[in-house]
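In what follows, a structure is listed as structure tokens, so that the remarks can point back to it.
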Amino acid sequence: MEEIIRRLTEITVRQQQFSEQLAARQERTEQVVEQLRGATAQRTPLPEPRWQAHQHLTKLNDQDDVEAYLHTFEVIATREAWEKERWAQLLAPFLTGEAQRAYYSLPPPRNEDYDALKKEILARVGLSPMCAARHFQQWTYDEHLTIRAQAARLTRLAHLWLLHDGPTAAQVAERVVIGRLLRALPRHYRRLVNMRNPSSLAELMEAVELAEASFAPEAGDRVATPPRKTKLDRRQAEGTSRPVNGPVVPAPGQTDEPMPTEPPSPGGRVWKAGCIVHRAVPQGAPERTVCLDGGTVRAVLDSGSSITLVQ
């Protein structure tokens, strides 16, 4: 029995020594690996995300779909494990046109937020949730395009409108109700409601109530009908005809165009005089003798024909 205990003790001691040797070797190996890692990091820097972005992306041009371009950038950034805080900084050099103006229009704290930048870019090119809702409601089938392309665009508009900010099923249904109510409102109500940009059914109802109050200032009036413009009909004096393209007769005291006339009588008055050669003189029409171009002629006053000012 003592022999067995002695041998077990020897085996235990040998195992302990062997474990200590393994631990010492592992420590030396880790030190060597750490030294090699430090030397490699000094000689070969890690890949820069900006350099990688230039390897995977091209500049945005007028023919590119902005939403598809941003989606492609997000896929590449996620695959390459770029930090989300640097996405806006990495995307900025590739933007052109309206998207580039959207980036520079944001103040410095916000232009580094990719989500805020994406929202501003889509709003600039008419792809905001409100614009998507309007385009979805106004969509019509185009016989010159394939059904797949039109279905894809309609689906994208629906996603932009209904799935913006990851809503719940109840919120999606509420957005559909809001869109239907907006289309059913009268035009003068819809203008005031759209100015408040309601995002929920409660906000829409409040905006409609405010619109009703603005159009119904008196108690009991539901809707005030906008006043119609009435056109007053000027009646001609009996015995006279309507002038055709005649110039306006100046008021007494105003300067007339100089022309040979007889000396005006005291308290002279400006008349409309017309030639009576080409038409019959109306019965009872006033006449007057005038001097035109050195000759004396009879003129009908207020005849309504092409007129000549005489005084």
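- For the pair R124 (side chain) and K119 (backbone), a donor-acceptor distance under 3.5 Å is absent.
- A donor-acceptor pair under 3.5 Å is absent between the side-chain atoms of E112 and the main chain of P109, judged by distance alone.
- Looking at Y114 and E74, their side chains do bring a donor and an acceptor atom within 3.5 Å of each other.
- Applying the 6.0 Å contact sphere to CD of E83 captures no more than 12 heavy atoms from other residues, nucleotides or ligands.
- The structure places NE2 of H188 at 10.0 Å from CZ of R190, a figure rounded to the nearest 0.5 Å.
- Residues L95 and Q100 come closest through the heavy atom pair O-NE2, 3.3 Å.
- Using bins of under 30°, 30° to 60° and over 60° for the plane-to-plane angle, the ring pair W87/F73 lands in the perpendicular bin.
- Residues L57 and F94 meet the side-chain proximity criterion, which asks for heavy atoms closer than 4.5 Å.
- Shortest non-hydrogen contact noted between W161 and G179 is CZ2-CA, 4.3 Å.
- Distance alone, capped at 3.5 Å, is enough to place a donor-acceptor pair between the D142 side chain and the H144 backbone.
- Classification of K118 and D113 as a salt-bridged pair fails, no side-chain N sitting under 4.0 Å from a carboxylate O.
- Heavy-atom minimum distance, V193 versus P198: O-CD, 3.4 Å.
- At least one side-chain heavy atom of L160 sits under 4.5 Å from a side-chain heavy atom of E67.
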* To do: Applying salt bridge (charged side-chain N to carboxylate O under 4.0 Å, His left out), run through E10 and R7 and close with a yes or a no.
  => CA-CA 5 Å; E10 291 178 355; R7 292 188 64 124; 5.7 Å; no
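- From S105, atom OG reaches atom CD of E98 across 8.5 Å, with rounding to the nearest 0.5 Å.
- No continuous path of hydrophobic side-chain contacts links F136 to L185 [ILVMFWY only; heavy atoms under 4.5 Å].
- In Y141, the OH atom is crowded: over 12 heavy atoms of neighbouring residues, nucleotides or ligands sit closer than 6.0 Å.
- At a threshold of 4.5 Å between non-hydrogen side-chain atoms, the residues S214 and L192 count as touching.
- Distance alone, capped at 3.5 Å, places no donor-acceptor pair between the E120 side chain and the A102 backbone.
- Residues L163 and W139 share a single hydrophobic cluster, defined by chaining ILVMFWY side chains whose heavy atoms lie under 4.5 Å apart.
- Here CG of L157 is found 10.5 Å from CZ of R134. Values are rounded to the nearest 0.5 Å.
- A distance of 13.0 Å separates CG of L22 from CD of E27, quoted to the nearest 0.5 Å.
- Within the 4.5 Å cutoff, no side-chain heavy atoms of L36 are placed close to those of V33.
- Hydrophobic clustering places I121 together with Y104 (ILVMFWY residues linked when any side-chain heavy atoms are closer than 4.5 Å, directly or through intermediates).
- Residue Q16 holds its CD atom at 14.0 Å from CD1 of I11, rounded to the nearest 0.5 Å.
- In this structure, the side chains of Q137 and R183 come closer than 4.5 Å at one or more pairs of heavy atoms.
- A chain of hydrophobic side-chain contacts below 4.5 Å, direct or via other Ile, Leu, Val, Met, Phe, Trp or Tyr residues, connects L90 to V66.
- Annotation for R180: atom CZ does not count as buried by contact number, only 12 or fewer foreign heavy atoms lying within 6.0 Å.
- Counting non-hydrogen atoms of other residues, nucleotides and ligands closer than 6.0 Å to NE2 of H56 gives a total above 12.
- Around the CG atom of N61, the shell of radius 6.0 Å holds more than 12 heavy atoms that belong to other residues, nucleotides or ligands.
- The two atoms that bring Y103 and A88 nearest to each other are CE1-O, 4.3 Å, heavy atoms only.
- A distance-only check finds no donor-acceptor pair linking the side chain of R110 to the backbone of L117 [under 3.5 Å].
- The neighbour count for E3 CD, taken as heavy atoms of other residues, nucleotides or ligands under 6.0 Å away, is above 12.
- Looking at D65 and R156, their side chains come closer than 4.5 Å, going by heavy atoms from C-beta outward.
- Between I178 and E174, some side-chain heavy-atom pair lies under the 4.5 Å cut-off.
- Between L91 and Y69, the closest side-chain pair of non-hydrogen atoms falls below 4.5 Å.
- One hydrophobic cluster holds both M205 and L182 under the rule that ILVMFWY side chains link at heavy-atom gaps under 4.5 Å.
- Closest heavy-atom contact between L145 and Q150: O-NE2, 3.1 Å.
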